[in-house]
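All remarks here apply to the structure that follows.
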Amino acid sequence: MPSLALNSTCDPGKSAQALSSLGQIAKTQATLLSCAAFRILPPFGICRNTLDRRQRYSILGYEKVKPTMSGQVVTRFAPSPTGFLHIGGARTALFNWLFARGRGGKFLLRIEDTDRERSSPEATDAILQGLAWLGLDHDGDVTSQFEGAERHAQVAKQLLSEGKAYKCFASQDEIAAFREQARSEGKSTLYRSPWRDVAVESHPDEPYVIRIKAPQDGTTVIRDQVQGDVTIRNDQLDDMILLRSDGTPVYMLAVVVDDHDMGVTHVIRGDDHLNNAARQMMIYQAMGWDVPVWAHIPLIHGADGKKLSKRHGALGAEEYQKMGYPAAGMRNYLARLGWSHGDDEFFSDAQALEWFDLDGIGKSPARFDTKKLENLSGQHIAVSDDAALLQELQDFLSATGEDCLGSKKSALMSTAMYCLKERAKTFPELLEKATFVIADRPLIPDQKAAKNLDAVSRCILKELTPQLQNASWSRDGLEAVTGTFAEAKEIKFGKMAGPLRAALAGRAVTPSVFDMMLVLGREETLARLNEAADKEPEVQDG
RNA sequence: GGCCCGUUCGUCUAUCGGUUAGGACGCCAGGUUUUCAACCUGGAAAGACGAGUUCGAUUCUCGUACGGGCUGCCA
């Protein structure tokens, strides 16, 4: 059953309903698609990815070999802890989460920390925090790839004993020299180890790595749900290293073993791994394991079209939280980046869960667009449940290191939320528009507001205030009083609005004056109006 | 260098060989209004290029250009 905890944008009752029907959809789909583990196909005819989305999809049903024991979809997100969770990683995680949870499957989290030099616990924490903010909860424990090293090595040794792998005694210098020369001569830099067929008896007593015996002719076809069939000639593949000379496994071995052991049915990851998939398939084949369904998604580029990297405009997920985007908006935006469901742009988590599928993923890289994020973000804020929104606002405040709202202010905030949330794209904007709630008397108007508190305006306020004293404190009542007043003075209501805003909020940009009065209540409203009418405003800088 | 992938408005995308190539963000104009915003209406805006297949190609094929990825005892 998909988790609902995150769905702050929907009416809880409705969501529960939607999700229970979703559970059924998920069930059917799970049976249908379940783990369509493909055999390694040698289709000599099909060697280009000429299949369109629908065909790619139909392949799934058509050629599926056998479902896993449980028939359940299992996906995983496997970041390497070398930095924060950037936007591309976040989206990969989202896709995996959506795919699994949308069909009642499991979403696993594995930290690929086999590179001890570059892995750090801080990075792991940052990634975990980013996922937590985005609400992408995983099943089971977070696993460390490094901790499976023994198991990985065992697989390498099994392959060695079965003659599917061999010891290679070539030194790193030797190989580096070879590559350099090959490159300078414009030749292939693929290293062909001379040790592949050397008898054990002739092995020296020196450090060695274990390399897989890659097939040297024929082709390997990656049946990718996003990219179509991708054919790679086996002579382009080298005998990759499985175990380093210090006995530790390399990533390429570890992923395969872990994905297999964890029962991963669908590997959804960045297309920088597309070529790797061919190499990894050699291990699946050698071990006689079922190959998972591949889905290599295009990378996200920066606004300038260049690759997004830590040095190039990529920000950690938590940076977006600090900028004040609601997680639901972020999820919506990220889902829509590279994936589509017809013309749907703005949708809830429940809808995304129901709609998300591999055949909706595009093949070309997308650029990150802040404007659209903001727009979606604003729409999510507008439809959010008031209480949930207030909570997320508090989280935002504490994430940015600011003081949370006290109980009095947050109570006022929640009554005001209805007139605030429809006009804010981000939390800072929401806060700005909520100045009338947050600020205490005496209010210090900003420059624009101060202009609306000149002598004439203050005079108007002075005369209006007594009328409000006995007004019925409802929208209609307030509109009637101010309307009558404006008529009597032969001024447009618009003339009064500016001063009222300035007096009530100290700002020129606020919710409707009536809403502010209603939220503030008679006493506070009159107090603010009197205060503003009585003295020339001190102007706040800026 | 070798191999692999990609290319529709500025951006995200729709399109199952026949559409005035649709939507969304942004932008511009107008309207409404209680400033700003929000909102409403309208507008400008795209098939990288060249061949081929076809009665017909954005769609299928090939080539070119451009972009990206991989090519590690990194992940």
Side-chain angles (χ1 to χ4, degrees), chain A residues 48-50 52-55 78-82 112-115 117-119 145 168 170-172 175-176 179 182-191 207 209-211 222 224 227-228 230-233 235-238 240-246 248 250-252 254-255 270-276 278-279 296 298-299 301 303 305-307 333 336-346 362-376 378 382 422-425 429 433 448-449 452 482 492-498 500-502 507-514:
Chain A
R48 294 286 303 174
N49 52 334
T50 58
D52 73 10
R53 285 181 174 192
R54 244 157 264 261
Q55 287 171 307
S80 60
T82 54
E112 313 235 281
D113 50 359
T114 49
D115 184 343
E117 300 274 300
R118 298 197 297 163
S119 298
Q145 185 158 68
C168 169
S171 74
Q172 295 191 53
I175 298 170
R179 287 216 173 91
R183 192 173 288 270
S184 70
E185 289 172 12
K187 290 184 189 160
S188 164
T189 56
L190 282 186
Y191 181 68
V209 297
I210 295 183
R211 310 184 93 109
I222 304 159
D224 194 280
Q227 306 291 341
V230 177
T231 303
I232 308 226
R233 291 211 318 271
D235 60 16
Q236 294 299 322
L237 270 20
D238 59 1
M240 65 173 175
I241 291 176
L242 262 19
L243 232 47
R244 300 186 183 101
S245 50
D246 64 359
T248 60
V250 298
Y251 157 81
M252 215 62 92
V255 239
D271 72 4
D272 47 339
H273 287 285
L274 182 57
N275 287 286
N276 291 338
R279 293 188 172 79
H296 288 96
L299 269 17
H301 289 179
K306 295 267 165 58
K307 187 193 178 186
Y333 177 70
R336 196 59 192 65
L337 205 55
W339 170 79
S340 62
H341 181 263
D343 284 337
D344 295 305
E345 302 282 351
F346 169 62
K363 300 171 80 172
S364 49
R367 299 185 189 198
F368 194 83
D369 178 13
T370 312
K371 292 286 190 194
K372 186 131 182 183
L373 203 213
E374 277 180 8
N375 177 277
L376 250 13
E422 285 187 14
R423 33 173 79 221
K425 293 192 183 80
E429 268 189 45
K433 302 211 157 113
K448 279 187 184 169
N452 288 326
T482 48
K492 282 191 127 183
F493 178 70
K495 275 278 181 202
M496 294 159 60
L500 279 170
R501 277 176 211 288
R507 291 289 124 97
V509 179
T510 72
S512 142
V513 293
F514 301 117

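By convention in this document, chain letters (A, B, ...) are assigned in the order of the sequence lines, proteins followed by strands, and residues within each chain are numbered from 1. The figures that follow rest on heavy atoms only: side chains count, while hydrogens, waters and symmetry mates do not.
Side-chain atoms of A/Ser364 lie closest to B/U7 of the nucleotides B/A14, B/U7, B/C12. Closest to the A/Ser245 side chain, of the nucleotides B/C12, B/C73, B/G26, is B/C73. For A/Leu299, the side-chain atoms get nearest to B/G69 when compared with the rest of B/C3, B/G69, B/C12. Side-chain proximity of A/Thr189 to the nucleotides B/U13, B/U34, B/U71 is greatest for B/U71. Checking B/U34, B/U35, B/G10 against the side-chain heavy atoms of A/Val513 singles out B/U34 as nearest.
Atom CZ in A/Arg336 sits 11.5 Å away from atom CG in A/Asp369 (nearest 0.5 Å). Remark: A/Leu376 CG to A/Lys371 NZ distance equals 14.5 Å, nearest 0.5 Å.
Comparing A/Lys372 and A/Glu112 by the nucleotide of RNA chain B whose heavy atom lies nearest to each, the residue mapping closer to the 5' end is A/Lys372. Between A/Arg118 and A/Leu190, the residue anchored nearer the 5' end of RNA chain B, judged by the nucleotide with its closest heavy atom, is A/Leu190.
B/G43 and B/G23: their P atoms are spaced 10 Å apart (whole Å).
A donor-acceptor contact under 3.5 angstrom links the side-chain atoms of A/Glu345 to the base of B/G23. If you check distances only, the side chain of A/Asp271 never reaches the base of B/G69 with a donor-acceptor pair under 3.5 Å.
Pairing for B/C66 is with B/G6, a Watson-Crick or G-U wobble pair whose two hydrogen-bonding atom distances lie under 3.5 Å. B/A38 makes up no base pair with any nucleotide shown, lacking Watson-Crick or G-U wobble contacts both under 3.5 Å. Base pairing annotation: B/A24 forms a Watson-Crick or G-U wobble pair with B/U11, both donor-acceptor distances under 3.5 Å.
Using a 4.0 Å heavy-atom cutoff across all strands shown, A/Gly498 reaches no nucleic acid atom at all.
Under the 4.0 Å criterion applied to side-chain N and carboxylate O atoms, A/Asp246 and A/Arg244 are not assigned as salt-bridge partners.
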